[in-house]
Asks: 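Questions regarding the structure given below will be posed in turn.
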Amino acid sequence: LVGQAGGAEVQARQQVAQGGHRCLATEGLQVGADKAVPGPIGVDPSMGSMPVVKGRFINGVATTQAFELDVARTDAQREHGLMFRQSMDPGRGMLFVFDGDAPRSFWMKNTYIPLDMIFASSDGIVVGVVENAAPLTLDERRCDVPARFVIELNAFQAARHGIKVG
């Protein structure tokens with residue numbers, strides 16, 4: 001996640017042009033050295049006071065559609081995630097924000113919809129993608145490359161939008 005809207009997308013495009021990386025630019029999320037602070041575009045009433053931000057992946061050629069992402073930034077929000085949701089609108093997802101980069105693992109316990117999981121480092125580089133994670137399992141979905149952010153989207157969105165490790 002490279003920062004605020006506007007300059008963040010320009011910065012991400014420059015980074016992509018230099019090294020071919022895929023990055024996520026967000027509107028409404030400020031990322032500091034030690035934490036990410038939402039400045040939401042809205043609040044998702046179905047998730048209490050969880051802020052919502054807009055995110056876009058940039059692959060050097062094009063920018064994906066904007067996704068509206070619920071921001072899970074507390075332990076309780078990250079633990080609950082998308083559990084018990086029966087569906088998720090296209091163009092929606094969840095952004096999990098952690099305090100620092102580390103290997104991450106997720107499971108799909110009590111999650112009813114298949115998901116893609118995109119793991120990104122502190123500088124917004126996509127370091128792992130798990131596609132079409134089957135719902136209602138305790139199978140571990142892992143990324144051993146350190147990541148600070150995990151973005152969950154409806155299944156097959158990563159491939160549909162060209163979101164890859166890079």
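Everything numeric in this text was worked out from a predicted model, so none of it was measured. Position 1 is the first residue of the sequence, and the numbers go up from there.
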Asks: Applying salt bridge (charged side-chain N to carboxylate O under 4.0 Å, His left out), name anything that partners E140, two or more places apart in sequence or on another chain.
Replies: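 E140 satisfies salt bridge (charged side-chain N to carboxylate O under 4.0 Å, His left out) with R142 only.
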Asks: So, is the end of the R85 side chain (NZ or CZ) under 6.0 Å from the ring centre of Y112 and within 45° of the ring's axis?
Replies: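 Output no; distance or angle outside limits.
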Asks: Not counting sequence neighbours, which residues clear side chain to side chain contact (heavy atoms under 4.5 Å, CB included) with A72? List them please.
Replies: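 Partners of A72 under the side chain to side chain contact (heavy atoms under 4.5 Å, CB included) test: M50, Q77, R78, M94, F96.
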Asks: Would a 4.5 Å heavy-atom cut-off, applied to side chains only, mark W107 and D139 as touching?
Replies: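 A side-chain contact is absent here, since even the closest heavy-atom pair is not under 4.5 Å.
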Asks: Quick one: does N132's side chain have a donor or acceptor within less than 3.5 Å of a partner on A155's backbone?
Replies: no
Asks: Are V150 and F106 side-chain neighbours, meaning at least one heavy-atom pair lies under 4.5 Å?
Replies: yes
Asks: Thinking salt bridges, do R148 and D99 make one under a 4.0 Å N-O criterion?
Replies: no
Asks: Quick one about D101 and S121 (side-chain donor to acceptor, distance below 3.5 Å, no hydrogens or angles considered), yes or no?
Replies: no
Asks: How far does CG of L69 sit from CG of L153, to the nearest 0.5 angstrom?
Replies: 6.5 Å
Asks: Is the closest side-chain heavy-atom distance between E152 and D116 below 4.5 Å?
Replies: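 SC-SC contact between E152 and D116 ruled out.
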Asks: Would you say the side chain of F57 lies within less than 4.5 Å of the side chain of V126, judging by non-hydrogen atoms?
Replies: yes
Asks: Determine whether R92 and V52 make a side-chain contact, defined as any pair of heavy atoms from C-beta on separated by less than 4.5 Å.
Replies: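 Yes; the side chains approach each other to less than 4.5 Å.
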Asks: Between A66 and K54, what is the shortest heavy-atom contact and its length?
Replies: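 For A66 versus K54, the nearest heavy atoms are CB-CD, 4.4 Å.
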Asks: Given the rule that I, L, V, M, F, W and Y join up when any side-chain heavy atoms are under 4.5 Å apart, are V127 and V130 in one cluster?
Replies: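 Cluster IDs for V127 and V130 match.
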Asks: Find out whether F149 and L95 are in side-chain contact, i.e. whether some heavy atom of one side chain is under 4.5 Å from a heavy atom of the other.
Replies: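 Answer yes - side chains close enough.
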Asks: When you measure from the side chain of N110 to the backbone of F84, do you find a donor-acceptor pair of N or O atoms at a distance under 3.5 Å?
Replies: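 Pair absent, no side-chain N/O of N110 close to backbone of F84.
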Asks: Does F67 reach the side chain of Q157, with side-chain heavy atoms less than 4.5 Å apart?
Replies: yes
Asks: Check whether any side-chain N or O of R141 sits under 3.5 Å from a backbone N or O of A134 as a donor-acceptor pair, and report yes or no.
Replies: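 Checking the backbone N and O of A134 against the side chain of R141, a donor-acceptor pair under 3.5 Å is found.
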Asks: Using modelled atom types only, decide if a donor and an acceptor are shared between the side chain of N154 and the backbone of M88 within a distance under 3.5 Å.
Replies: yes
Asks: Does L136 share a hydrophobic cluster with L115, counting links as ILVMFWY side-chain heavy atoms below 4.5 Å and allowing steps through other members?
Replies: no
Asks: Once you round to the nearest 0.5 Å, how far does CD of Q86 lie from OG1 of T111?
Replies: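 Separation between the atoms: 10.5 Å.
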